[in-house]
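Naming convention: chains lettered A, B, ... in sequence-line order (proteins, then strands); numbering from 1 in each chain. We use all heavy atoms of the structure for the numbers below, so side chains are in, but hydrogens, waters and symmetry mates are not.
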Number of protein chains: 2
Amino acid sequence: MNLLEQLQHSLLELSKSERKVAQVILADPQSAIHQSIASLAEQADVSEPTVNRFCRTMGAKGYPDFKLLLAQSLVKGTPYVNRHVEQNDTLADYTAKIFESTMAALNVTRNHVDNEGLQQAIDALNQAQKIAFFGLGASASVAHDAHNKFLRFETPVQFSDDVLMQRMAAINAKAGDVLIFISHTGRTKALCEVAALAKASDATVIGLTAADSPLARESNIVLSTQVPEDTDVYMPMASRIAQLVIIDVLVTGFTLDKGPAFRDKLRRIKASLRDSRYQKTIKDKE
Amino acid sequence: MNLLEQLQHSLLELSKSERKVAQVILADPQSAIHQSIASLAEQADVSEPTVNRFCRTMGAKGYPDFKLLLAQSLVKGTPYVNRHVEQNDTLADYTAKIFESTMAALNVTRNHVDNEGLQQAIDALNQAQKIAFFGLGASASVAHDAHNKFLRFETPVQFSDDVLMQRMAAINAKAGDVLIFISHTGRTKALCEVAALAKASDATVIGLTAADSPLARESNIVLSTQVPEDTDVYMPMASRIAQLVIIDVLVTGFTLDKGPAFRDKLRRIKASLRDSRYQKTIKDKE
DNA sequence: GTCCATTTTGTAATTAAATTACATTTTATT
DNA sequence: AATAAAATGTAATTTAATTACAAAATGGAC
């Protein structure tokens with residue numbers, strides 16, 4: 001847990017003087033890390049050893065050590081650990097928790113990405129005759145997003161959130177086609193069955209899913225997202241965000257491999273959309 | 001710049017003894033922050049004042065201050081600057097850049113969320129007779145995702161990425177209905193027109209879009225994502241991730257306002273999906 | 001090479017900071 | 001109200017960091 005949260009949390013359990021110290025630190029943590037034990041003691045109106053004892057209570061070896069811990073927890077934008085929303089949270093509370101959990105999930109995923117798998121996936125996509133993205137339920141929108149992204153390229157791309165359509169596509173797939181199956185758990189029976197059909201058709205099956213899951217076992221290439229499962233009913237799935245970012249990586253790799261000439265083409269596509277938009281006016285800038 | 005990078009970078013410019021200090025720190029920064037100036041001096045085989053001078057060279061006020069800076073730069077996963085992908089990036093390079101840019105976008109959004117607007121939106125959703133999510137192009141998948149999320153509740157919910165369908169729905173909307181329009185730029189003509197129709201029908205129009213955009217002006221409530229526009233062709237839009245997280249916040253607020261009884265209902269919905277999945281076996285755990 | 005100026009480094013003294021040991025006060029309990 | 005336990009503070013001690021200054025080392029200029 002973050003030291004500041006820990007401080008906040010243990011306010012009630014501390015003795016009167018130690019609480020004073022905690023409050024002074026919480027009021028302005030940034031300045032606390034540049035103060036000496038003497039000045040902090042004075043500010044909190046307690047003695048120096050009290051501050052020292054307080055530091056030990058909080059799990060530090062002493063005052064300097066405590067300052068180090070505090071400094072680390074103050075690094076701006078540190079994605080905190082996964083935090084659960086609770087019934088009595090205010091709007092500001094759960095907003096912060098959701099954003100931070102999502103950032104934490106991305107951070108974890110980044111630290112665990114399988115570069116080799118990604119490279120294989122990008123290579124496969126680049127050589128693909130046809131690309132398809134399949135997902136069901138919550139993962140359908142991820143597949144949908146992926147489909148949108150790949151529409152900008154020449155390779156035919158398909159998306160479906162309908163099991164029957166997916167089955168047909170899987171059966172008709174050929175070697176050289178790449179089918180990407182998206183599932184958080186990797187345990188959705190219907191999707192696993194489609195993946196098995198696709199594999200039998202000699203297409204390349206990429207699973208954007210949990211490692212060691214049934215779907216992963218049907219896949220030629222597995223891209224796993226490593227996000228801790230959400231047992232929390234309130235907390236929306238951060239894993240799909242991680243999946244979306246993985247797809248961003250795939251698109252980017254795909255584009256880069258096409259070389260600089262391709263870049264101009266993308267520019268033209270972007271430009272062609274201009275007419276469908278209202279242009280920015282000076283008034284808007286205000 | 002990160003202090004460690006700065007250290008690495010200034011290795012050549014340092015004097016012989018100071019370089020020794022830098023090398024010792026770089027070799028094991030984690031342990032350096034727990035050492036005294038004396039032990040560090042001994043390890044680097046230099047005198048204590050040399051270490052002190054080194055700290056000042058690196059921009060710190062003294063040794064303890066340097067340790068604080070070092071500790072902060074060692075915090076794992078300090079991302080958060082928008083970084084652009086370049087043609088010659090390796091897979092690892094652009095993967096890191098994409099993840100970090102996305103986290104940066106979330107961080108910015110978190111720091112700028114309009115709590116009041118969110119609260120209004122949640123209140124409106126809770127009192128809604130009907131909820132609809134509309135988006136076009138890349139924003140369609142965001143609307144799709146939102147639709148999936150809200151399907152778990154009793155309030156009728158609709159999604160469309162088709163302009164004609166959207167128009168019909170907008171014209172038929174009534175006071176008490178909430179229509180959420182999603183657009184990164186807020187300048188897509190077709191969507192703005194639909195929003196105008198919806199507004200004319202007395203429905204509550206929520207714009208999940210850029211502030212001060214045409215769409216924002218058609219909206220009763222604006223939830224803006226504040227993500228710097230991506231001028232980069234390679235970089236996929238981080239803004240839609242921010243939008244997704246905003247939707248997570250809306251869902252969470254919506255759920256919390258329903259109270260604890262509702263929570264159990266969600267549990268039952270979750271449980272009802274179990275049969276569609278392969279259950280975890282001991283073998284999987286390995 | 002050698003002289004001098006400059007920079008770098010180290011030694012020892014000084015100052016500042018943190019910690020410890022112990023005394024005093026406060027608090028809770030009977 | 002008496003006593004034990006806990007909390008806090010005072011003063012002494014120890015440890016750490018810094019400063020002042022002296023000694024090497026380095027680099028030109030001749």
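- Within 4.0 Å (heavy atoms only), R19(B) reaches no atom of the nucleic acid at all.
- What separates NZ of K61(B) from C1' of dA17(C) is a distance of 14 Å, to the nearest Å.
- Here the C1' atom of nucleotide dA16(D) and the CD atom of Q35(B) are 14 Å apart, to the nearest Å.
- Checked against dT19(C), dA16(D), dT18(D), the side chain of S36(B) finds its nearest nucleotide in dA16(D).
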Mind running salt bridge (Lys or Arg N to Asp or Glu O under 4.0 Å) on R240(B) and D248(A) for me, showing each step along the way? CA-CA 11 Å; R240(B) 80 189 191 298; D248(A) 286 348; 3.0 Å; yes

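- Rounded to a whole Å, the CG atom of D65(A) is 14 Å from the C1' atom of dT19(C).
- As a whole-Å value, the separation of K67(B) NZ from dA18(C) C1' is 12 Å.
- Between Q72(B) and Q72(A), the side chains place no donor N or O within less than 3.5 Å of an acceptor N or O (distance only, hydrogens not considered).
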B/S/- contact track for nucleotides 6-11 of chain D, protein heavy atom under 4.0 Å: -SBBB-

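- Distance, L40(A) CG to dA17(C) C1': 13 Å, rounded to whole Å.
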I'd like to know whether D93(A) forms a salt bridge (Lys or Arg N to Asp or Glu O under 4.0 Å) with K97(A), so could you lay out the CA-CA distance, the side-chain angles of the two residues, the decisive distance to 0.1 Å, and finally the verdict. CA-CA 6 Å; D93(A) 289 340; K97(A) 285 182 181 179; over 6 Å; no

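- Atom CG of N52(A) is separated from atom P of dA16(C) by 20 Å (rounded to the nearest Å).
- Spacing between atom CZ of R56(A) and atom C1' of dA18(C) amounts to 9 Å, rounded to whole angstrom units.
- Aromatic pair F66(B)/F54(B): centroids less than 6.0 angstrom apart.
- Following rounding to the nearest Å, F66(A) (CZ) and dT19(C) (C1') show an atom-to-atom distance of 17 Å.
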